[in-house]
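Side chains are part of it too, since the values below use all heavy atoms of this structure and drop only hydrogens, waters and symmetry mates. What you see is a predicted model; the values in this text were computed from it and never measured.
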Amino acid sequence: MTLAAATVTASGTPGFLSPTGVEIAFLLVGLVTLGAALVTVTTRQLVHAALWLVVALGGLAVEYLLLTAEFIAWVQVLIYVGSVVVLLLFGLMLTRAPIGRSPDADSGNRWAARTVAVAAAVALVWVVVDAFRTTWIDLDGPAAGTTEVTGASLFRHWVLPFEALSVLLLAALVGAIVLSRKARADAGPAVPGKEGVR
C-alpha cells in the first residue's frame, strides 16, 4: 500500500500532502502549458505564437488524458490542434504575414490588456474553485471520460445547450459568408480585359 493510499484510508478523504505520480505529472504539464500560453500572447512573431499555441493546446490534451477523459483529449487534439491551428497557419501564410518580428502586433494597450487578463483569470479561478470545492476525481477508479459516459451525459443532461451551440456555430458560418460576399461586392466589378481570353 502506498503512502497516498494509506493517507486516504486513514483520514477517509484524500490529502494534498501525499501527491501521487499522476498528480505530480498533472502539475508539471500544467506549468508547461501555462508557460506556452504566456509565450503565445507575449511573442511578437506571429508564426511562433501559432506554434506555441500548438504546445499549449497539446498540453491541455495531456491534462485531459491524466484526468481519464480520453475522449475529450482526442477531441482536443483533432479539433483544436489539428484544425484550428492549421487554419490559423494557413491564414498567416495566405495573408503573407511577416515571418520575423512584427512591430504592428503590439497595440500599445498593454496595461489595459493585463488588467482584463488578471481580472478574467481571478474570476475563472474563483468560479472553478467555488463550483468544485468538495469534488475529488478518483484516478484509480473506473474511467469517467470514456465515449460512452461522455455521450450519455451529453445527450441526457446537456441536449439543449448542445443544440444551441450548433445553431450558434451555424449562424457564425452564415454571417461569415454574408460578410465575405458583401466585401467582395463593395470591391466593385472586375476591370474588363483583366480576365483571361476564353
K.L.:
Mark yes or no for whether Gln76, through its side chain, and Leu60, through its backbone, hold a donor-acceptor pair below 3.5 Å.
P.N.:
no

K.L.:
What heavy-atom pair brings Val55 and Ala36 nearest, and what distance separates the two atoms?
P.N.:
CG1-CB, 3.7 Å

K.L.:
For Ala61 versus Val77, what's the shortest heavy-atom pair and its separation?
P.N.:
CB-CG2, 3.6 Å

K.L.:
Take atom CZ of Arg156 as the centre, draw a 6.0 Å sphere, and report whether it contains more than 12 heavy atoms from other residues, nucleotides or ligands.
P.N.:
no

K.L.:
Say whether Leu57 and Ile79 are linked into one hydrophobic cluster, either directly or through other cluster members, by side-chain heavy-atom distances under 4.5 angstrom.
P.N.:
yes

K.L.:
Tell me the closest heavy-atom pair linking Leu66 and Val29, and the distance in Å.
P.N.:
CD1-CG2, 4.5 Å

K.L.:
For Leu65 and Ala73, work out which heavy atoms get closest and say how close.
P.N.:
CG-CB, 3.7 Å

K.L.:
Sub-3.5 Å donor-acceptor pair from the side chain of Thr43 to the main-chain atoms of Val39, do we have one?
P.N.:
no

K.L.:
Which pairs with one or both residues in residues 46-59 pass salt bridge (charged side-chain N to carboxylate O under 4.0 Å, His left out), sequence neighbours excluded?
P.N.:
none

K.L.:
Go through the structure and list residues passing side-chain contact (heavy atoms from CB on, under 4.5 Å) with Val122, not counting sequence neighbours.
P.N.:
Val118

K.L.:
Does one hydrophobic cluster hold both Leu160 and Trp158, with members joined at side-chain heavy-atom distances below 4.5 Å?
P.N.:
no

K.L.:
Under 3.5 Å, sequence neighbours excluded: what are the donor-acceptor pairs made by side chains of residues 168-177?
P.N.:
none

K.L.:
Would Val81 and Tyr64 show up in the same hydrophobic cluster when neighbours are defined by side-chain heavy atoms closer than 4.5 Å?
P.N.:
yes

K.L.:
Quick one, Trp52 and Val41 - any side-chain contact, counting heavy atoms below 4.5 Å?
P.N.:
no

K.L.:
Taking the side chain as every heavy atom from C-beta outward, state whether Leu28 and Val32 have any atom pair closer than 4.5 Å.
P.N.:
no

